[in-house]
Each structure stands twice: as C-alpha cells, then as structure tokens.
Amino acid sequence: MDDQTPRTDQVDRTGEPGEPGGYDPKALQEKWLPVWERLDPFRADDAVVDSGEREKKYALTMFPYPSGDLHMGHAEVTALHDVLARYWWQRGYEVLNPIGWDSFGLPAENAAIKRDEHPSTYTYANIETQAGSFRRYGLSFDWSRRLHTSDPEYYRWTQWLFLKLHERGLAYRKASPVNWCPNDQTVLANEQVVDGACERCGAIVTKRELTQWYFKVTDYAQRLLDDMAQLEGRWPERVLTLQRNWIGRSEGAHVEFDLHLADGSTRPVTVYTTRPDTLYGATFMVVAADAKLAAEICAPEQADALASYVEEVRKASDIDRLATDRPKTGVPLGITATNPVNGEQLPVWASDYVLADYGTGAVMAVPAHDQRDLDFAKAMGLPVRRVVDTGEDDPAESFVATTGAGTYVSSGPLDGLSDKAAGIQAVVDRLEADGRGTRAVNFRLRDWLLSRQRFWGAPIPIVHCAACGEVPVPESELPVVLPDLKGADLKPKGSSPLAAARDWVEVPCPRCGGPGERDTDTMDTFVDSAWYFLRYCSPGNTEMAFDPADLKRWGPVDMYVGGVEHAVLHLLYSRFFTKVLHDMDLLDFTEPFSAQLNQGVVINQGKKMSKSLGNGVNLGEQLDEFGVDAVRLTLVFAGPPEDNIDWADVSPSGSLRFLTRAWRLSGDVASAPGADVTTGDVALRRTTHKTLAEAATLVEGYRFNVMIARTMELVNATRKAIDSGCGPADPAVREAVEAVAVLLSLVAPYTAEEMWERLGHEATVGRAGWPTVDPALLVEESVTAVVQIQGKVKARLEVAPDVTDADLEAAAMADPAVVAAIGDRTVRKVIVRAPKLVNVVVG
RNA sequence: GCGCCCGUAGCCCAACGGCAGAGGCACCAGGUUUAGGUCCUGGCCAGUGAGAGUUCGAAUCUCUCCGGGCGCACCA
C-alpha cells in the first residue's frame, strides 16, 4: 500500500519487550493478572443458575497429578479446554470450570523415600507451583472450588463412598492370583497392566495369590455397555470402542460335562462356549492349569506332572504369555469327561492357554473350529473332527480352523442344517431339556482390584476383628487419617507400610469393642478420581460428599477434556461410581460426562518428547520467550484438537506476530466507543458479522483451529480497511476490532484484555459477551455463480443471492462464453443450483 | 491376524457431492526501516496416495491396492 499508513505505526511497530508503547506480552501479563485476581470473573454462582438468570454449563478438564511443574501437555489440554469454557461464558452461560489435584499416588511416595521426608511435602509444594503456573497461564478456572484428593477433608468422603459400596455388597475381599509389580511392590488392577508390564513403571508384572479388596464393577457390566448409547456421537468413537472392547460382552452357553475322576466318582463341571453348535466336534477338554479345579480333578499319577507344569507356568511372565505364536503346552490330567450330547469320553487336559478367571476356567475344545484348540490338538496329537462344513479345507489337514458358518456334519440331529443361529438354538434347546446347559452371557471385564500396599492413598476404612470379621469404621469416625510416616518408613517391603504403624493399626473393634486391627492397605488412586467431579459441585461441604441438589444444578459434566490414556480406567470407574450413586438416589443422571474431547499429544520432531532423546520442549522457556498468549494460540491453532502437535511444525513466533498485529488494531481505532455502527462500512461489517457467526459454529464443533484462522482473516480485513479502505475513524472498524478482542478472549486473554482497554472498555473482556450478529449482514449482496459445461467451469456470473433457478439458467444460457463453449452441440440437460451453480450437459 | 481412523502445496492444515486454498509456517522479491528475529505489499507452491466405480458433477460416496497411525489380540 501507499503512504497513508497511520502515524501510530512509527512507535507501535515493534514486538520488542520493554520498548515504550510496544506490544509487550510480559508487561501485559503482569498488568492484568492482578486485575483478574481481584475481579474473579469466572466464579460459578449457584444462585445465578437457580434463579434461571443463566443456564449452566459444566466444563471439566482432567485434573493434574502434582509431579513437578506444568509441562506442554498441561498447556495444551487446558488451552483447548479454556476455549470452550470461555466461549460458554461469552455466550451467556454460567460456567462451572473447576480445578483440583489428583494428589495421592506413588511418585510422591517414592520422592519422599528418596528425600527422607513426608510425601505431603513434595505433593503440596508441587501443587503450589502448578497452581501458580495455571494462574499465570490465564485460565478461566473457578479457584474457589479447588480440591486435593490427599486432603483429609476430601478422602474422608472417598472412604465414605467405600463404605457405601461395602454396604451394598459392591466392595468385597477375595483371595485370587493378582497382578504384582515387583518394582512398586504393590498389586495392580488389570487396567494398569499394559502388555504385561506395569503401566506406571514398566516393570514386568508377575502373579501373586493375595487377599484383596475389589469393587464389583462386573455387576454393572451390562449397564456400562448399554448406557453408551447416550454417549454415541458425543464421545470420541475410539473411546467408546475401547470401553466396549474392555467390557467384552460375549453370548454363548454354559454346558455341563460329567468328569470321571480317578477314584471312580463323578463330578460335574461347567464350561462356557460361544459355539455350543460345535459341541459334536469337541474332542477333548481343557482346564486352566493354575485354577484350583485342575488340582482337584487331577488323577494321582499325573499330580507331579501337573505340579511341575504349574510351577513352570507361574514363572512365565505375562509378556511370554502374550506372544500369540507361542507353542501350546499342557499336561493330561488322566481323567475323562462325558460329552452331554453324544456320550463320548473326552480326555481332560490342563493348559495355560485357558484362563482361570474367565468364564468357568474350563473349555470344551473343538479343534476343527477354534484355532487355539487346533494348535493344542496338533501339539498333543489329539483328534480333530470337523462338524461344520464351510467349504474350506478340512482343518484336520490344513491346520487352519474354520470359524464361519456352514453345513453341520457329524452332528446328529443338526446334520444338514446350515444356519448358525438355528444350530445354536437347537443345541441349547436340547441341553436345556436335559438340564445340561443354558444360554449364557460372559464379560471380559473383571472386578476392580482397589487395594494397594502403599502409603500415600486413602486408608481403607475397615477394622478386622477376630470376633466380628470385617467391620466398617463408623461414618462419624471418618476420616481414617493416615499415620505420620515418612522417609524410610515408606520403603516398599511387600506389605503395606501402614502395617508398621502399630499404634495406628491397633484399635478396638467398632462393633464389639474387642481388639481389632485396621486394614493396612490404601485405595487405588483411581478411586479418588472416580468421583472428584461431584465434589466440585459441593466444595467445602462438611456434611456430605456432595449435595444431590448441587448435582442437580451442575451435573452432569457438559464437556470433559482430557487424554485418551484414560479411555478405559478412569472413565470406566467414574461411570461405574455414577451408576452406583444413581442407584442410591443421590444422582439423577446415569452418565457423568455428556460429551468428551481428547486432545492429541505434543511431540517434537516426529517423536515423543523425552529426556533420552533430548528433544524436550520446556513450557516455561516457551512462555518466557513468546508469552502466555502466543503459546496458547500456537497450541490451539496447530490443528484439530485431537491431532498431535509437532512443536517443530508450529510457530510460536508466528503466533506472536499475529497477536501483535491484532493488538495494533486496537490502537488504530479512531472512533469513540458507542459510535453508531450502522453508518459504518458495510463490507467490513459483513466480514465482522460473518466471522462471529462462523466462529460460534466452529467453536461448538470443537474446530478451534479454524476459528482462529477466521479471526486472522478478520484481522487482515480490518487492517486493510484501516490502511486503504474506510479508514480508522469508520465505526465499522471499531466494531471489527471489538469483535477481534472478544474472539481472542477465548485463547489469548491478556492481549484481548489490553485491546479491550485500549478500545475504552472496562475489564474484563472475558465477560463482555458475544456480540449480537445481525442476520441481515450475513446475506451477501451478490454471489458468484459458476457455469459449467460437462462439469468444467466456463463462466462466472454475479447474481442476487435469491435468484431463481429459472432466472439463473436463463442468464447462464445467454452468456456469450457459455454460448461459445456449447457451440453446435445439443444441450441434453441443465442442472441448476441457484444461486451458486449451473451445469450444462451437452452431447 | 481382526477392527477403526487418516493420506490435499516444501511443512501444519481448510474446503454443505458444486470455482481445490481459507489461515498459518517456510521461502523469494519489492517497499518501510535500514538498529532490526519489525511492519506493509506481492509472489512462489498441490489437482487431493494409486486405480476403478456411482454421479450432470467426486478431495468428499463405494470397492481394491499402497502408505501411515491407533486399538484389540490365547476372553473359548
């Protein structure tokens, strides 16, 4: 452009910190943070919702674990989350956007051992550091509801919830082989074992027979599955799939076989199968080698073989067990079982390919139609009998099991049938008539093992009494506060550190007053986080965990933003707790999180950031160099929220440049606040209103990156209008820049606030409200219609937006370029899509 | 092995079945400065991984293949 560039640029054209009049992110942060602390603009007010003045929104981001300071991951998830929370405020909702800390857990305990101090020292110091960083990061949290799961005031209610589940028979103790992490010296839930290793420390997990506390999540398996219908389309598809897989429902039948033991007695055993229709093809039976059943039914002459086999199996880690190409092993138990449909005597084997804790721990083996059974049959030289002819090669020769439907053969009354459902029905009917079986549903989901042999968690509020058994600690005595242990006291020794605190352990039985001992395990930290979103609604309530009335007001969570790494554990447990509390009439909803968004991860140069690769990006340094707003903008603009962000692909300096350009606009506006905008430049006004309308749709669709692109366009258009269009005094320019400030308030709050002030407004722009969009300005004066011949563009016409199909066709056919393009060919068909397009088909 | 998702300029990413490029990064040129990791203007740049089909019209729908990512994987 030319030299009508406004004068202010002489001073403003700088991004250098410290320069007078320049855009200085650091100065803005120092200027506005105290103002916001004073105004406290994002405190969620119960009364405002209750009066009906504003509708509620509950925006939640997965609360952090207090290890060190915040990192890029925190910066990303909170920046994305804050866009939506701030948008809701601007749109006139009363938004509950709380923050807290998941502050129990192993890292603090390990740090405490290393430094010979109490875990709380490390924990609360980190929390303060992170809280300060979050504040500087300019997030719209309601700090008044802050919680820490390691506070006695919080874990008192975690213990209360445990008691409630215990009361309802949903918390129980049982002895069973459990996952044991030799490094952390504690048991782990199934969900915490990933590929045979501890998800936290990576150590290879082994098995131990221990008596542990469980939550009966399996009672809710079907509902956990069914209620996902409510979440369809509102949760990421992959999370729903993960949950579905994890619950792992299957349909089949229980079939009872008679075992003929070595002592001549008969004993029934039930197997679970999804293919009862292949019962005639069963040629042997397999029981889990490590199940009690195997030892009980084993013939005496095989007892030694079984014992040494079990020993071998126990030694094998889960890693070995996971190798799918691993050869099948096992030992015969020296007994037979009778096939209930044809009376055949089947040899019974023990093997580790059958799992003790799934189904009944015993299977009927149909090698022809199950690859695992076939592999075993091949290894042991057992017969293979095809009973379903699928047209494929006979598995007995090909060693490829056929699992599809086909025509039944060698199956007695089933022969000739070729419908799988009918086959299953026929066999089940027969079994039911004989009292030898029934239809059954099985779940892969296991009960939630919640005991941990570690210190830094909520003690399990149970007293063990020789006379009364497991006695719940009375609610009035909660919380059961952790004893004051630290440093070396906490060293893992395979049993809970709490056991060493004898004065703490030894208490009178609450029931009989006799000598009792406290349970010395603590709860899995996933128990703490399975209900924290409820506590935010009733902060500081000393009478109850949460007030149902508060949850009626705020619940359920409207948007839950966090990482996919919690797709199974945390979300499943929270869903479970919600349903239990619903059944207790404490909640009127059955799903805690109505919608969910998973952010990607921040990587660098194509790889996960790690110390060993030396490619870590330090959040603090980025914030120092580019400022909070530029870093937040970069993270939000990088791409769709769920995509990973490669820090090498993005440009915080580019973000900083954009913010500088936006900020400079606010200094150029030369009309007074409240000027009559209707007299302003219509073209710019259209852009402004169109941008606002589109931005709203984009934010609601979580397309924050595109929303920012639109804001950039508006900034560019405004710059152009000032420099070479209507000029800085046009009220349309003010309107546009105010719109920019509001749009930027979602992602760059400091810059937006400064712009707002320069525009002559009071803080805070975060609560200024979304400008009203004038629908009249969304309609274009004219649109460009394209005319295609055979789908190729040949001409463009400027037409009214409300042009009729007939008028548009007439105009198109009259256009010289079109006439020329058609030439002497015959017009076969004309497709008209007013006002955008005409397509002429010639032939 | 099974299932799901994704392939658009040098890079990150847009595009109700209707003009392939909105925005940014990088790069180049010009101007302003010439103390600039400044600012302004302009430019460069793909025919949408490959092929086939449906359609008046396909980046968009369908199928096959290639490439990448994710999930599940002895759950009977």
Side-chain angles (χ1 to χ4, degrees), chain A residues 1-3 5 9-10 12-16 19 22-23 195 236-239 241-242 244-246 248-250 252 271-275 278 286 321-326 328 351-355 357-366 369-373 375-376 442-446 564 567-568 633-634 637-640 642-646 648-658 660-661 664 694 703 705-713 715-716 719-720 723-724 784-796 828-831 833 836-843:
Chain A
M1 281 310 104
D2 51 27
D3 36 5
T5 318
D9 289 31
Q10 305 313 323
D12 288 354
R13 268 184 185 165
T14 166
E16 286 304 311
E19 189 137 341
Y23 173 79
D195 291 336
E237 192 49 50
R238 58 178 172 159
V239 176
T241 305
L242 278 169
R244 232 176 258 120
N245 287 345
W246 192 263
R249 184 183 196 274
S250 78
V271 304
Y272 172 71
T273 177
T274 54
R275 292 295 303 274
T278 61
V286 187
R321 288 180 63 119
L322 281 166
T324 40
D325 52 352
R326 181 167 156 267
K328 293 280 186 285
S351 172
D352 68 346
Y353 88 88
V354 171
L355 307 176
D357 60 350
Y358 181 78
T360 61
V363 303
M364 62 178 222
V366 185
H369 307 299
D370 183 290
Q371 191 62 46
R372 298 157 297 182
D373 296 341
D375 292 342
F376 191 78
N442 234 308
F443 294 94
R444 203 186 84 121
L445 182 71
R446 311 295 152 89
V564 255
V568 180
L633 180 75
T634 302
F637 181 56
E642 58 276 12
D643 282 12
N644 290 345
I645 298 171
D646 193 330
D649 289 339
V650 296
S651 171
S653 61
S655 299
L656 183 57
R657 267 201 308 272
F658 165 70
T660 310
R661 277 155 46 79
R664 191 158 2 93
E694 255 187 284
R703 307 188 48 220
N705 56 324
V706 186
M707 180 274 286
I708 291 172
R710 295 287 171 266
T711 307
M712 288 172 170
E713 287 178 71
V715 167
N716 292 345
R719 178 83 262 153
K720 212 163 235 173
D723 289 350
S724 57
T784 306
V786 300
V787 186
Q788 303 176 330
I789 311 291
Q790 313 290 61
K792 296 211 165 40
V793 179
K794 295 292 177 190
R796 290 158 209 279
R828 298 235 179 264
K829 200 170 172 186
V830 182
I831 289 112
R833 293 281 179 276
K836 308 262 305 189
L837 175 128
V838 177
N839 189 17
V840 183
V841 186
V842 296

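The structure presented is a predicted model; accordingly, all values stated were derived computationally and were not measured. Letters A, B, ... mirror the listed sequences (proteins, then strands); counts begin at 1.
- The cationic atom of A:Lys328 (NZ for Lys, CZ for Arg) lies less than 6.0 Å from the six-membered ring centre of A:Tyr353 and within 45° of the ring axis.
- Donor-acceptor pairing under 3.5 Å, judged by distance alone, is absent between the side chain of A:Asn245 and the base of B:C72.
- Using a 4.0 Å heavy-atom cutoff across all strands shown, A:Asn716 reaches sugar-phosphate atoms only and no base atom.
- Going from the P atom of B:G1 to that of B:A50 covers 26 Å, rounded to whole Å.
- Classification of the A:Tyr272-A:Tyr358 ring pair by plane angle, with boundaries at 30° and 60°, yields perpendicular.
- In this structure, of B:A14, B:C72, B:G18, it is B:A14 that holds the atom nearest to the side chain of A:Asn705.
- With B:G71, B:A26, B:A22 as the choices, the nucleotide that has an atom nearest any side-chain atom of A:Arg657 turns out to be B:A26.
- Within the shown strands, B:C56 is the pairing partner of B:G18 under the Watson-Crick or G-U definition, both distances less than 3.5 Å.
- Checking B:A76, B:C72, B:A14 against the side-chain heavy atoms of A:Arg710 singles out B:A14 as nearest.
- Pair assignment for B:C70 gives B:G3, based on Watson-Crick or G-U wobble hydrogen-bonding distances that are each under 3.5 Å.
- A sub-4.0 Å separation between OP1 or OP2 of B:C39 and a side-chain N or O of A:Thr660 is absent.
- Distances from the side chain of A:Leu242 to the nucleotides B:C11, B:A14, B:C72 place B:C72 closest.
- Judged by Watson-Crick or G-U wobble contacts below 3.5 Å, the nucleotide B:C39 has B:G31 as its partner.
- Comparing atom distances between the A:Lys720 side chain and each of B:A14, B:C56, B:U41 picks out B:U41 as nearest.
- Considering only side-chain N and O atoms, A:Arg833 lies nowhere under 4.0 angstrom from the phosphate OP1 or OP2 of B:G17.
- In terms of phosphate contacts, A:Lys836 brings no side-chain nitrogen or oxygen within less than 4.0 Å of OP1 or OP2 of B:G18.
- Among the heavy atoms of the strands lying under 4.0 Å from A:Arg446 is at least one base atom, whether or not backbone atoms are also near.
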